[in-house]
Amino acid sequence: MPKPKKRRVRPWRMLIVAIVFALICTAGYFAYSIYSFADNINNKDEIGNFDPIYQGDDYKPPVWEGTGRVNVLLLGADSRGVENGEPPRSDTLMIASIDPVTKKASLMSILRDTWVKIPGNEEGRINSAFTIGGPNLAMKTVSELTGIPIQYYLYTDFKGFIALVDAIGGIDLEVEKDMKYTDAADGHVFDINLKKGMQHLDGQTALQYVRFRHDAQSDYARTERQRKFLTAVADKMQTTQSILKLPSILNKMEPYIHTNLSVGDMLKLGSLAFDARAKGIQSIQLPPENLLIERRIGGAQVLSVDKTKLKRYLDDVFEGMADVPGAGTGSGTGTGTGSSSDSSSSGGSSGSPTSGNSGAAKNFRQ
């Protein structure tokens, strides 16, 4: 009786099995990295010393059900002094808003000298809400000003910003003009010295770019640069190279990020944001220049706005019915082409956020 022939395992089949196994392991590693990152940044100690009334259950952000517009308050803070018991100071306030139905996204900068009623406190600049009560009070203040329900916040400081930019390998960006400023604090670590032209910005120089406001256009041009830069970061985060480095990027960012996003909501929001990028991000300044009211309070120059008109304006923006001054849609390029960023270097042209406000802008200094 002849012996049965042994089935020969073909090399290409072994290769396919090895590839599938490697993909499964890689997917598992990526999933674990994302889950671990999301869980760790959601379960951290308090950011700083704020009024305790705003840190407990006194204010609960509205719940995002997943079907309506989701709004995330992006908080960039100057945390120098925290080790001495001082609360961090809000340096940047932005709202990232995405409609899950239309997949359209908006990135809205709030001028930090906007004069508002801070819930539970007296009136003041909107950036002081964070210093008084932390993320909860900042979310509530922004929500009452804009009429937009703010469900989440995402917080980082100078160190976190630097870590993020370095983790993705920096950003190639057109710097619209020379920028120079000397900051004596911290041994001149945060001095600003940038040259006009295409630059490769690492974490340190990128921080200089988004913080500069020491010219006639002050916070108007600065908030526009911040939106331009974040659009470029979003573009780079979706490149194949960045996606492959995602576990490493998340690991480097984790120590500097705080949020109230749950793991599940973070994953849903990440997927939604990826879809929204295909349609571009609308870049908006709040309040818009045509609604700004210049005021002088206690010897300081501030900006105020009629809240009813602002809310009506935002309703029109979300419905696609508003003529948005100073707003652009990110083109997906690091140079910021397609936004109104380039106009800021010329002193304000039609549609620039400084148009009609150059006098007010000159009065604002960091």
Side-chain angles (χ1 to χ4, degrees), residues 54 59-75 90 92-130 132-133 135-154 219-220 223-224 226-227 276 281-295 297 302-329 340 351-357 360:
Y54 301 106
Y59 173 70
K60 290 186 177 180
V63 176
W64 179 48
E65 301 293 348
T67 55
R69 179 176 291 276
V70 58
N71 304 293
V72 183
L73 182 63
L74 308 180
L75 293 162
S90 176
T92 298
L93 287 167
M94 288 187 181
I95 305 171
S97 181
I98 306 177
D99 186 332
V101 177
T102 64
K103 301 296 191 297
K104 291 183 178 179
S106 300
L107 186 61
M108 297 172 276
S109 301
I110 302 175
L111 295 172
R112 66 183 191 176
D113 289 310
T114 304
W115 195 256
V116 297
K117 174 66 173 70
I118 300 174
N121 296 268
E122 298 178 353
E123 292 183 333
R125 287 183 171 89
I126 194 167
N127 66 325
S128 64
F130 176 78
I132 295 170
N136 278 349
L137 185 57
M139 284 191 290
K140 188 173 183 179
T141 304
V142 170
S143 182
E144 291 193 2
L145 171 68
T146 61
I148 300 173
I150 306 294
Q151 298 98 342
Y152 305 111
Y153 77 87
L154 195 65
D219 209 31
Y220 298 94
T223 55
E224 190 176 15
Q226 291 173 349
R227 297 193 303 272
I281 298 177
Q282 189 177 35
S283 174
I284 301 170
Q285 171 196 289
L286 295 179
E289 61 94 10
N290 59 311
L291 294 183
L292 286 176
I293 303 170
E294 300 174 35
R295 297 175 63 189
I297 298 178
V302 297
L303 302 170
S304 64
V305 63
D306 184 313
K307 291 199 299 184
T308 301
K309 292 181 179 179
L310 178 61
K311 292 173 182 178
R312 189 181 304 127
Y313 164 77
L314 286 170
D315 286 340
D316 289 344
V317 167
F318 294 147
E319 292 295 327
M321 299 168 58
D323 180 16
V324 182
T329 300
S340 56
S352 168
T354 58
S355 179
N357 282 286

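All heavy atoms count here, side chains included; hydrogens, waters and symmetry mates do not.
- Residues Ala96 and Leu74 share a closest heavy-atom pair of CB-CD1, 4.2 Å.
- Interatomic distance, CG of Leu286 versus CD1 of Ile95, reported as 6.0 Å (0.5 Å rounding).
- Remark: side-chain polar atoms of Ser143 are paired, donor with acceptor, to backbone N or O of Ile148 under 3.5 angstrom.
- Taking OH of Tyr220 as the start and CG of Leu292 as the end, the distance is 5.0 Å to the nearest 0.5 Å.
- Annotation: side-chain hydrogen bond (donor to acceptor under 3.5 Å, both in side chains) contacts of Thr92 (sequence neighbours excluded): Gln226.
- When the options Val302, Leu303, Ile118 are evaluated for a side chain to side chain contact (heavy atoms under 4.5 Å, CB included) with Arg125, the one that passes is Val302.
- Taken from CG in Leu93 to CG in Leu111, the straight-line distance is 10.0 Å, to the nearest 0.5 Å.
- Considering every non-hydrogen atom in both Thr141 and Val116, the closest pair reads CG2-CG2, 3.8 Å.
- Contacts of Asp306 classified as salt bridge (Lys or Arg N to Asp or Glu O under 4.0 Å), with partners at least two apart in sequence or in another chain: none.
- Pairing each heavy atom of Thr223 with each of Met94, the nearest pair is O-CE, 4.3 Å.
- The shortest side-chain heavy-atom distance between Gln151 and Val72 does not fall under the 4.5 Å cut-off.
- A side-chain donor from one of Ser97 and Arg69 sits under 3.5 Å from a side-chain acceptor of the other.
- Tyr152 OH to Met139 CE: the interatomic distance, rounded to the nearest 0.5 Å, is 10.5 Å.
- Remark: side-chain polar atoms of Gln285 are paired, donor with acceptor, to backbone N or O of Pro287 under 3.5 angstrom.
- Side chain of Ser128 to main chain of Gly124: no donor-acceptor pair is present (N/O by atom type, distance under 3.5 Å, no hydrogens or angles).
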- Item | side chain to side chain contact (heavy atoms under 4.5 Å, CB included) between Leu314 and Arg312, intermediate numbers included | CA-CA 5 Å; Leu314 286 170; Arg312 189 181 304 127; over 6 Å; no

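- Residues Leu137 and Pro119 approach most closely at CD1-O, 3.5 Å, considering heavy atoms.
- Rounded to the nearest 0.5 Å, atoms CZ (Phe130) and CZ (Arg112) are 13.5 Å apart.
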- Message: Let's go through Leu145 and Lys307 carefully: what are the C-alpha distance in whole Å and the side-chain angles of both, what is the deciding distance for side chain to side chain contact (heavy atoms under 4.5 Å, CB included) to 0.1 Å, and is it a yes or a no?
- Response: CA-CA 6 Å; Leu145 171 68; Lys307 291 199 299 184; 4.0 Å; yes

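- The local environment of NZ in Lys311 is crowded, with over 12 non-hydrogen atoms from other residues, nucleotides or ligands closer than 6.0 Å.
- By the side-chain hydrogen bond (donor to acceptor under 3.5 Å, both in side chains) test, Ser109 is found to be paired with Arg227, residues two or more places apart in sequence or in another chain being considered.
- Listed for the Asp315 side chain is no donor-acceptor partner under 3.5 Å among the backbone atoms of Tyr313.
- The two residues Pro100 and Thr67 make their nearest non-hydrogen contact at CG-O, 3.2 Å.
- Between Met108 and Thr146, the closest side-chain pair of non-hydrogen atoms is not below 4.5 Å.
- How far CH2 of Trp115 is from CD of Glu294: 15.5 Å, rounded to the nearest 0.5 Å.
- Considering only heavy atoms from C-beta on, Ile293 comes within 4.5 Å of Ser304 through its side chain.
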- Might you work through the side chain to side chain contact (heavy atoms under 4.5 Å, CB included) test for Val142 and Ile126, ending with a clear yes or no? CA-CA 8 Å; Val142 170; Ile126 194 167; 4.0 Å; yes

